[in-house]
Amino acid sequence: MLDIQLLRTDLNSTVEKLATRRYDFPMDRFNRLETERKKIQIQTEDLQAKRNAASKKIGQAKSKGEDAAEFFTEVENLGDKLKQSSTKLEQIQTELQKILLEVPNLPHDSVPIGHDEASNQEIRRWGNIHSFDFKIKDHVSIAEELQLVDFETAAKLSGARFCVMTDGLARLHRALAQFMLDTHVHSHGYTEAYTPYLVNHDSLRGTGQLPKFEEDLFAVNTGEKAADDSTHSTKFFLIPTAEVTLTNIVRDKIVASNSLPLKFVAHTPCFRSEAGSYGRDTRGFIRQHQFDKVELVHIVHPDYSYAALEELVGHAETILQKLELPYRVMTLCTGDMGFSAAKTYDIEVWLPAQNTYREISSCSNCESFQARRMQARYRNENGKPTLLHTLNGSGLAVGRTLVAVLENYQNSDGSVTIPEVLRPYMHGLDCLTVPDRQ
RNA sequence: GGAGAAGUGACCGAGUGGUUGAAGGUGCACGCCUGGAAAGCGUGUGUGCGGUUUAUACCGUACCGCGGGUUCGAAUCCCGCCUUCUCCGCCA
């Protein structure tokens, strides 16, 4: 959420900045509501003040045993007027809030301006792209030929965009997650967390998924029958990322400033409905309804959030370097950034079968955008509660890392070599081959 | 799921309709005292929103788990919900 003061005092330039994100701020409606709000709020609070004063006098008179009749007549007509006024005020504020909750974050000055991904800027590349002296396969063919994945069974169990992995592939998947967690906890100083996969409405509003992106989420009702269908309300949502739980840890809190920065890491499944992406990446592990991710979250003092962003990207890059997977780092342009981000770096890993780089991590500084929604604060030098800055990044998406390993480590005989750093997690397995199922 | 109890400020804790934003204590900050410290003494110590203001500041309003209701007036009364604790049941 943006600071409403910014919209009040500097509306034009704010609206211009939002336009670079392809967001059309409803200026006229906002202005109309604001004017109205000011009038009605002053009126309402004035009526409340009158009522409070009269009530106080009644109390005083009664405690002295005096007659309070004259004060009663004073308040007589106040009730209706006050009710009318406060109802109106509530309506206006609800509408303003609705507008405000749907406005995306302002891009940082260093973010390139552009309409779509074509304007993203490459900052650096790492690793040598391996050249193969045989005809390479994509990750689906590799895994299917090794009989380690079964999309048909997954479709029977659940539907499209799910998978069943078995044997060495399932273990490799687990190994990747463990390796990432261990690295972030032991080398990068993160606090490991285990958090719920089901969350309430408030948490999703805190990080910005709600109210605008409800269709991207899976909602869950409890098994009990609703006594009255019309009032039945969703109780939980499945998390689309652990960013939601890790960031909301500080919702409605004033964090002791000497405990900053907070750095959390968690490995969780993520659930996304992928509404609006029908037909894209239908093959394989790239875009699934359920996927695992190791998520990194920083909660920091506002002065240090951009330094923290560089650190965060570095931590994600370390994983790819240790796995010896080539990648590049991109700065997303204004038109390609997510709703809550002020600045985002995407890390894209090299996928030989697609002959291109594909997103494997997204690291964002949300500045105070989420903190304002969450009322997440610390006490500044003067003891005044001040909004924190929040950052999040994938470190990394496990399923996509698995894809990258399969494709980059494939051999001419169809087997896949296990990267060196994962061997300790593989129980002696150093190569994926067709399993011997007697 | 059943029965009972409870949710008040950074923390503990009083408060069952009227000068209560909230006694008292702890903590914290500042000052006095001290050679220094402790003890002691004194003063201060919530947040959101709005208005006036360059700002400091001042004024108004809301907030005692959350949401409604009753009333001129609600931390206090009524209704619904949530959470925690104890006992029982069920369960990985």
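Throughout, a chain's letter reflects where its sequence line sits, starting with A, and its residues are numbered from 1.
Listed by chain and residue number, Q41(A), Q48(A) satisfy the side chain to side chain contact (heavy atoms under 4.5 Å, CB included) test with E45(A) (two or more places apart in sequence, or in another chain). For T241(A), the side-chain hydrogen bond (donor to acceptor under 3.5 Å, both in side chains) criterion is met by K293(A), not counting sequence neighbours. In this structure S119(A) satisfies the side chain to side chain contact (heavy atoms under 4.5 Å, CB included) test together with C333(A), sequence neighbours excluded. Scored by the side-chain hydrogen bond (donor to acceptor under 3.5 Å, both in side chains) test, Q84(A) finds no partners at all (sequence neighbours excluded).
More than 12 heavy atoms of other residues, nucleotides or ligands sit less than 6.0 Å from atom NZ of K212(A).
Distance, D3(A) CG to rG48(B) P: 12 Å, rounded to whole Å. Following rounding to the nearest Å, K253(A) (NZ) and rG48(B) (C1') show an atom-to-atom distance of 20 Å. At whole-Å resolution of the value, CE in M374(A) and P in rG48(B) are 16 Å apart. When the P atom of rG48(B) is taken as reference, atom CZ of R251(A) falls 18 Å away, rounded to whole Å. Per the geometry, NZ belonging to K39(A) stands 19 Å off P belonging to rG50(B), to the nearest Å. The distance between atom CD1 of I40(A) and atom P of rG51(B), rounded to the nearest whole Å, is 14 Å. Counting to the nearest Å, the C1' atom of rG48(B) and the CG atom of D252(A) are 12 Å from each other. Separating the CD atom of Q41(A) from the P atom of rG51(B) is a distance of 7 Å, rounded to the nearest angstrom.
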task: Go through the steps for E310(A) and Y345(A) under the test side chain to side chain donor-acceptor pair (under 3.5 Å), then give the verdict.
output: CA-CA 9 Å; E310(A) 300 302 322; Y345(A) 291 121; 2.6 Å; yes
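Annotation: F339(A) is in aromatic contact with F213(A) [ring centroid separation under 6.0 Å]. Between F271(A) and H289(A), a ring centre-to-centre spacing not shorter than 6.0 Å is recorded.
When the side-chain nitrogen and oxygen atoms of R8(A) are compared with OP1 and OP2 of rG50(B), one or more of them lie within a distance under 4.0 Å. Within the 4.0 Å cut-off from OP1 or OP2 of rU61(B), at least one side-chain nitrogen or oxygen of N52(A) is found. Contact check, R372(A) against rG48(B): no side-chain N or O comes under 4.0 Å of OP1 or OP2. Phosphate proximity of rU61(B) to R51(A): absent, as no side-chain N or O sits under 4.0 Å from OP1 or OP2. OP1 and OP2 of rG46(B) both lie 4.0 Å or more from every side-chain N or O belonging to R377(A).
To the nearest whole angstrom, the two P atoms, one in rC88(B) and one in rG17(B), are 38 Å apart. For the C1' atoms, the distance linking rC49(B) with rU54(B) amounts to 22 Å, nearest Å. Here the separation of rG31(B) from rA37(B), taken at their P atoms, is 11 Å to the nearest Å. Taking atom P on both nucleotides, rA3(B) is separated from rA10(B) by 35 Å, rounded to a whole Å. The separation of rU70(B) from rU16(B), taken at their C1' atoms, amounts to 16 Å, rounded to a whole angstrom. The gap from the C1' atom of rG21(B) to that of rA39(B) amounts to 33 Å, rounded to the nearest Å. Between rA14(B) and rG65(B), the distance separating the two P atoms is 14 Å to the nearest Å. Going from the P atom of rA6(B) to that of rC59(B) covers 39 Å, rounded to whole Å.
Within the 4.5 Å cutoff, no side-chain heavy atoms of L332(A) are placed close to those of V111(A).
There is a side-chain donor-acceptor pair under 3.5 Å between N365(A) and S305(A). With hydrogens and angles left out, the side-chain atoms of H389(A) and E367(A) include no donor and acceptor closer than 3.5 Å. Using a 3.5 Å distance cut-off with no hydrogens or angles, the side chains of S364(A) and N392(A) do not pair a donor with an acceptor. D138(A) and S141(A) share a donor-acceptor pair across their side chains, judged by distance under 3.5 Å alone. A donor and an acceptor atom, one from each side chain of T207(A) and Q370(A), are nowhere located under 3.5 Å apart. Remark: the D292(A) side chain and the H267(A) side chain contain an N/O donor-acceptor pair separated by less than 3.5 Å.
K57(A) comes within 4.0 angstrom of no nucleic acid atom, judged by non-hydrogen atoms across all strands.
Where K83(A) and I254(A) meet RNA chain B, the nucleotide closest to each residue was compared, and I254(A) sits on the side nearer the 5' end.
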message: Just to be sure I follow the notation: if a pair is Watson-Crick (purine N1 to pyrimidine N3 plus N6-O4 or O6-N4) or a G-U wobble (N1-O2 and O6-N3), each under 3.5 Å, what dot-bracket string does RNA chain B give, with | for pairs to another strand?
response: ((((((((.[[[..)..(.....]]]((((((.......))))))(((((((....))))))).[[[[[..)....]]]]])))))))....
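Near RNA chain B, defined here as any heavy-atom distance below 4.0 Å, there are no residues from residues 85-104 of chain A. Heavy-atom distances under 4.0 Å link RNA chain B to E45(A), Q48(A), A49(A) of residues 42-50 of chain A, given in residue order.
Among residue pairs with one or both ends in residues 330-342 of chain A, those qualifying as side-chain hydrogen bond (donor to acceptor under 3.5 Å, both in side chains) are N120(A)-D336(A); sequence neighbours excluded. A ring pair (Phe, Tyr, Trp, His ring centres under 6.0 Å) check over residues 58-115 of chain A, counting only residues at least two apart or in different chains, returns the pairs H108(A)-Y306(A). Applying the side-chain hydrogen bond (donor to acceptor under 3.5 Å, both in side chains) test to every pair with at least one member in residues 189-203 of chain A, sequence neighbours left out, gives these pairs: Y190(A)-H298(A), Y190(A)-H315(A), T195(A)-T245(A), N200(A)-S203(A), D202(A)-R205(A), S203(A)-R251(A).
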Between the protein and nucleotides 77-82 of chain B, list the N/O to N/O atom pairs that are separated by less than 3.5 angstrom.
none

query: Reading nucleotides 12-20 of chain B 5' to 3', which nucleotides get B (base under 4.0 Å from a protein heavy atom), which S (sugar-phosphate only), which -?
result: ------BB-
